[in-house]
Protein chains: 2
Amino acid sequence: MAEPKGETAADRAYRILRSAILSGRLPTDRKVTEAGLAEMLDLSRTPVRNAVGRLLIEGLLQRRKGSGLWCILPTRDEIRTIFDIRARLESYAAARAAEFATPLQRAELVASAARMALLVDEMLSDPHADVVPRIDAENALFHCKIVEAAHARRLELLLQSTIDVNLVTLTLQAYGTEQRMRSASHHHEIAVAIAGGMVELAGKAMEVHILSAASFVLTDPQADHPAPRQGKMPVRPG
Amino acid sequence: MAEPKGETAADRAYRILRSAILSGRLPTDRKVTEAGLAEMLDLSRTPVRNAVGRLLIEGLLQRRKGSGLWCILPTRDEIRTIFDIRARLESYAAARAAEFATPLQRAELVASAARMALLVDEMLSDPHADVVPRIDAENALFHCKIVEAAHARRLELLLQSTIDVNLVTLTLQAYGTEQRMRSASHHHEIAVAIAGGMVELAGKAMEVHILSAASFVLTDPQADHPAPRQGKMPVRPG
DNA sequence: TGCCTAAAAAATGTATCCAATTTCGCGACG
DNA sequence: CGTCGCGAAATTGGATACATTTTTTAGGCA
């Protein structure tokens, strides 16, 4: 998951910088520079510029003309907006999946939902086991497979820059037993709807799934910012 | 509109290449290379690589591992998908605008809709006048102002890469008198809804506006691909 | 003391060179 | 005659040097 082999230096810079910004390891109260980031990552400016370009497009960085880059952490309102956008785009993806998914994809979605249910059971029966990362991975896989099954490259590209693993993980970390069970139940409903070709239901079920997560995260007092840290922290190149 | 002064070489390359791809001036049946594009534009590979990177993210270019770039023209199905996505994102933008727009922005939207009505009148009374480009411009301005008034940077970024002026212009070119009148009417309805803070109505009216355009474009036998040309055509650097 | 100007410092944008990876063609061998 | 393999060519990725633009600061003059 961390460092794919065929990854270019630019990809690596992008992955590390994006994670560093969203987890608050880069300062938001002062400028950073391409040269500085390059030194930090032990790279030349070329791949860093590539990564910075993508982050500018995603809005996680902003350029103040001649005066450095500034990291932009999404505010609570912006996180709300991101969930709203996800609800609209992913429900469209689910609806399309119900219409266009291959038989194999439908089966895989049902299987993923089943695995998720098992994982939640495991969590309930043995709270000490380290199942949470596996739940996170299964969740990511499920959403990813739906977008693939929608057969809409445009949708993939848009969601890719909207859904960030850091934000999703943040969401899931805020989840408790109750919410995880409900979430697993949602996955089952969505998978069955898609497998059965029920376009409307699949879309609406996904909408509920996402907005439910949003409402939970945003009403939880702890889940404010992703690590609203201030001081400068080193980002290790590895 | 064409060439902003403070534009960098990379921006220029991006603008020209994107337009060249969508208008069919670059071949889709054989590879193009960064070096080739650079020579075409009379630039070094550096700014071209920047532009190519953005186009790869947008999906208008695709990289076949070691062997050149390929231009990807949206198929009819993909255009349909783009309209669906626009309907969902722009209706969200309109709803947000109805909630968050400043008084000035509300007034400007109403004014834009009024100007559009005047332009359509002008077109009706004097079919020979060259009002069509002005109508296109007013239309672009209207949609742009709504997205701004939504006060959601994320939405701006996503729509920016989804809405392409070439596709919109293509749509409008397919429009006749009847459709233009209806479109102007839509603009008025949307502007009034936003100005009056009617969140639901604004969103739904925008949805109708976009899907109506989609249904018209996609049922029109002439509006198939954007210039499905095959042979190689030069792209002038200017 | 305050402001204008100009020089220097900083940051980004561009060009060019080199390295690494992949492709394709050619030839030899089975 | 087909296939394997090696090498040359093509293409992209990364580093560095240079140009351009903007900011900041130092200094002089009112």
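Letters A, B, ... are given to chains in the order of the sequence lines, protein chains preceding strands, and every chain is numbered from 1.
- Atom CZ of Arg63(B) is separated from atom P of dT23(C) by 13 Å (rounded to the nearest Å).
- With sequence neighbours excluded, the residues forming a side chain to side chain donor-acceptor pair (under 3.5 Å) with Glu138(A) are Ser112(A), Arg115(A), listed by chain and number.
- Counting heavy atoms from C-beta outward, Glu90(B) and Ile163(B) have side chains that approach closer than 4.5 Å.
- Regarding Arg12(A), its CZ atom lies at a distance of 16 Å from the P atom of dG13(D), rounded to whole Å.
- We find that CD of Glu34(A) is positioned 15 Å from P of dT16(D), with the value rounded to whole Å.
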Run Asp77(B) and Arg153(A) through salt bridge (charged side-chain N to carboxylate O under 4.0 Å, His left out) and show every step you take. CA-CA 11 Å; Asp77(B) 274 355; Arg153(A) 201 167 37 88; over 6 Å; no
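- Annotation: proximity of residues 43-50 of chain A to DNA chain D (heavy atom, distance under 4.0 Å) is found for Ser44(A), Thr46(A), Pro47(A), numbered in ascending order.
- Rounded to an integer number of Å, the gap from Trp70(B) CH2 to dT12(D) P is 12 Å.
- Here dT12(D) presents its P atom at 10 Å from CG of Leu56(B), a figure rounded to the nearest Å.
- How far CD1 of Ile210(B) is from CD1 of Ile85(B): 12.0 Å, rounded to the nearest 0.5 Å.
- Atom CZ in Arg64(B) sits about 17 Å away from atom C1' in dA10(D), given to the nearest Å.
- With a 6.0 Å cutoff to the six-membered ring centre and a 45° limit on the axis angle, Arg63(A) does not count as a cation-pi contact of Trp70(A).
- Here the nucleotide nearest the side chain of Lys31(B), chosen from dT14(C), dA10(D), dA10(C), is dA10(D).
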Phe142(B) vs His187(B), ring-ring contact (aromatic ring centres under 6.0 Å, His included): CA-CA, chis, key distance, verdict: CA-CA 8 Å; Phe142(B) 184 75; His187(B) 277 217; 4.0 Å; yes
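- Regarding Leu37(A), its CG atom lies at a distance of 11 Å from the P atom of dA11(C), rounded to whole Å.
- One interatomic measurement links the two molecules: CD of Glu39(A) to C1' of dT16(D), which rounds to 16 Å at whole-angstrom precision.
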